[in-house]
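These notes are about the structure you will find just below.
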Protein chains: 2
Amino acid sequence: MNIKIAIADDHQLFLKSLSLLISSFQGLTIVAEAVNGKELLEKIAHLPMPPDLVLLDVNMPVMDGPKATAALQKAYPGIKLVALSMKDNDATIISMLKAGCCAYLLKDIHPADLEKAIREINETGYYHNDASNVNYRRLILQSEQSETITEREKEFLSLACSDLTYKAIAQKMNVSERTVDGYREILFHKLNVQSRTGMVLEALRRQLVSL
Amino acid sequence: MNIKIAIADDHQLFLKSLSLLISSFQGLTIVAEAVNGKELLEKIAHLPMPPDLVLLDVNMPVMDGPKATAALQKAYPGIKLVALSMKDNDATIISMLKAGCCAYLLKDIHPADLEKAIREINETGYYHNDASNVNYRRLILQSEQSETITEREKEFLSLACSDLTYKAIAQKMNVSERTVDGYREILFHKLNVQSRTGMVLEALRRQLVSL
DNA sequence: GAGCATACCGGGAAAAACCCCGGTATAAGC
DNA sequence: GCTTATACCGGGGTTTTTCCCGGTATGCTC
């Protein structure tokens with residue numbers, strides 16, 4: 001019985017290449033390819049049978065990794081979800097694991113290890129790369145005590161990562177200057193910084209925004 | 001006559017996948033794979049014949065894209081060098097083109113386009129993706145007139161990428177506040193920004209500082 | 001020694017950022 | 001009905017940043 005696999009990655013070249021690579025492994029079949037979460041959900045919906053396992057990139061346009069993970073988890077609880085990312089920073093890993101991924105693989109994994117990981121996840125439901133295993137508990141703990149950032153705050157954060165003044169940001173967000181002042185205050189506290197520059201840098205480090 | 005291709009990319013999974021994909025194209029052969037520039041140079045040196053074309057990732061450890069490009073350009077002037085990156089920001093593209101690349105491809109290129117691009121570059125020595133073509137001249141112009149940044153300015157820039165006030169930076173650099181004000185002024189002009197936040201972001205984009 | 005680049009410095013003023021005080025309205029959950 | 005959370009707002013203040021004016025000293029090149 002072949003293991004049915006779906007892949008989502010916004011880089012077409014990587015998507016097609018990886019698809020070819022996985023197809024070359026005995027007993028692994030690619031049943032869907034997508035360049036974002038939305039397309040993935042649509043393609044899976046049109047399949048006669050859902051895949052056994054989904055490889056998901058974290059950073060995608062339209063519907064990113066965590067959102068796609070959550071949607072898939074809800075629609076097809078049986079599918080094993082595997083995050084596949086270049087980034088090994090804590091925040092990214094946490095967001096995917098919290099959303100319901102059962103494993104987190106890095107893109108610099110060796111093809112042979114990927115094959116091994118896919119088979120292991122398909123059978124047991126989880127995979128432990130020796131190195132990452134150790135840190136999982138710490139990550140979960142950290143995520144529980146870490147502050148949450150609301151949508152509106154994220155919006156402010158994106159706008160703050162620019163040459164715009166708070167006044168201009170207030171106009172763009174259609175709120176008073178006092179209100180963005182409030183966002184600033186609360187984010188300074190949540191990110192543990194004391195200047196806009198520090199806030200921008202911390203937001204970049206936590207990948208709440210990108211360059 | 002097969003086109004001999006070498007690839008360098010620090011993500012093993014991508015490297016092997018892409019290698020497989022390219023090998024599947026008629027008349028294209030992979031003669032070397034490497035996870036960084038240094039390894040690539042070593043592997044090429046051991047080949048009976050150098051490759052016709054090299055696909056180079058921009059961001060790699062040990063020896064990055066621009067450095068590898070320059071080294072290859074010097075050692076094997078006949079090889080066509082092609083940058084392959086996820087980033088489409090000006091600074092990255094400029095650094096690769098200046099180092100001697102004849103084309104810059106993005107990783108979200110479609111496999112069929114990649115094949116077309118490889119064949120075209122191998123024959124003509126260049127490739128013009130319609131979209132990017134338009135901007136090349138602007139980029140070259142921009143790079144030629146781009147300002148140089150002195151050591152002291154770089155030092156200031158690093159310190160400015162923090163929660164420190166200019167006053168604190170002045171103390172750390174052992175100069176008066178007025179002096180750091182001067183650095184700020186000149187860097188605002190050189191980076192074409194009008195706030196400290198903008199300066200920090202631009203410095204990160206140009207990789208003058210890192211997170 | 002003239003011209004130029006680099007590094008450095010003083011003072012003043014306007015704008016932006018930062019930091020408090022206070023408040024309302026709405027929706028979700030017990 | 002009460003708490004909790006989110007989104008929003010007004011007015012006051014200080015500090016920092018930003019943007020001007022001006023200047024000196026050193027070293028390098030032609």
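Everything quoted here is computed from the prediction, not taken from an experiment. Every chain is numbered from 1, with letters handed out A, B, ... down the list of sequences.
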**Prompt:** Reading nucleotides 13-23 of chain C from the 5' end, what letters show protein touch, with B for base, S for backbone sugar-phosphate only, - for no heavy atom under 4.0 Å?
**Reply:** ---SSBBBBB-
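A:Thr179 comes within 4.0 angstrom of a nucleotide base, judged by non-hydrogen atoms across all strands.
Atom C1' of nucleotide D:dA7 and atom CD1 of A:Ile149 are separated by 17 Å, given to the nearest angstrom. The distance between atom CG of B:Leu187 and atom P of D:dC19, rounded to the nearest whole Å, is 13 Å. Distance, B:Arg152 CZ to D:dA25 P: 20 Å, rounded to whole Å. The interatomic distance linking B:Asn174 (CG) with C:dA7 (P) rounds to 15 Å, in whole Å. The distance between atom NZ of A:Lys154 and atom P of D:dA7, rounded to the nearest whole Å, is 11 Å. In this structure, A:Phe156 places its CZ atom 16 Å from C1' of D:dT6, rounding to the nearest Å. Protein atom CE of B:Met199 is 11 Å distant from nucleotide atom C1' of D:dT17, rounded to whole Å. Atom CD1 in B:Ile169 sits roughly 10 Å away from atom P in D:dT18 (whole-Å rounding).
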Using a 3.5 Å cut-off and no angle test, enumerate the donor-acceptor pairs between side-chain atoms of residues 64-83 of chain B and protein atoms at least two apart in sequence or in another chain.
residue: B:Asp64; atom: OD1; partner: B:Lys67; partner atom: N; Å: 3.2
residue: B:Thr69; atom: OG1; partner: B:Gly65; partner atom: O; Å: 2.7
residue: B:Lys80; atom: NZ; partner: B:Asn122; partner atom: O; Å: 3.4

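Considering every non-hydrogen atom in both A:Leu47 and A:Val31, the closest pair reads CD2-O, 3.4 Å. Annotation for A:Arg196 and A:Ser162: closest pair NH2-O, 3.1 Å, computed over non-hydrogen atoms.
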**Message:** For a salt bridge (Lys or Arg N to Asp or Glu O under 4.0 Å) check, start with the C-alpha distance between A:Glu123 and A:Arg119, then their side-chain angles and the critical distance, and finish with the verdict.
**Reply:** CA-CA 6 Å; A:Glu123 287 198 14; A:Arg119 295 191 197 281; over 6 Å; no
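A cation-pi arrangement is present between A:Arg184 and A:Phe188 under the rule of less than 6.0 angstrom and at most 45 degrees off the ring axis.
The nearest heavy atom of DNA chain C to B:Glu177 and to B:Thr150 marks one nucleotide each, and the one closer to the 5' end goes with B:Thr150.
In terms of modelled atom types and a separation under 3.5 Å, the side chain of B:Lys167 and the main chain of B:Glu177 share no donor-acceptor contact.
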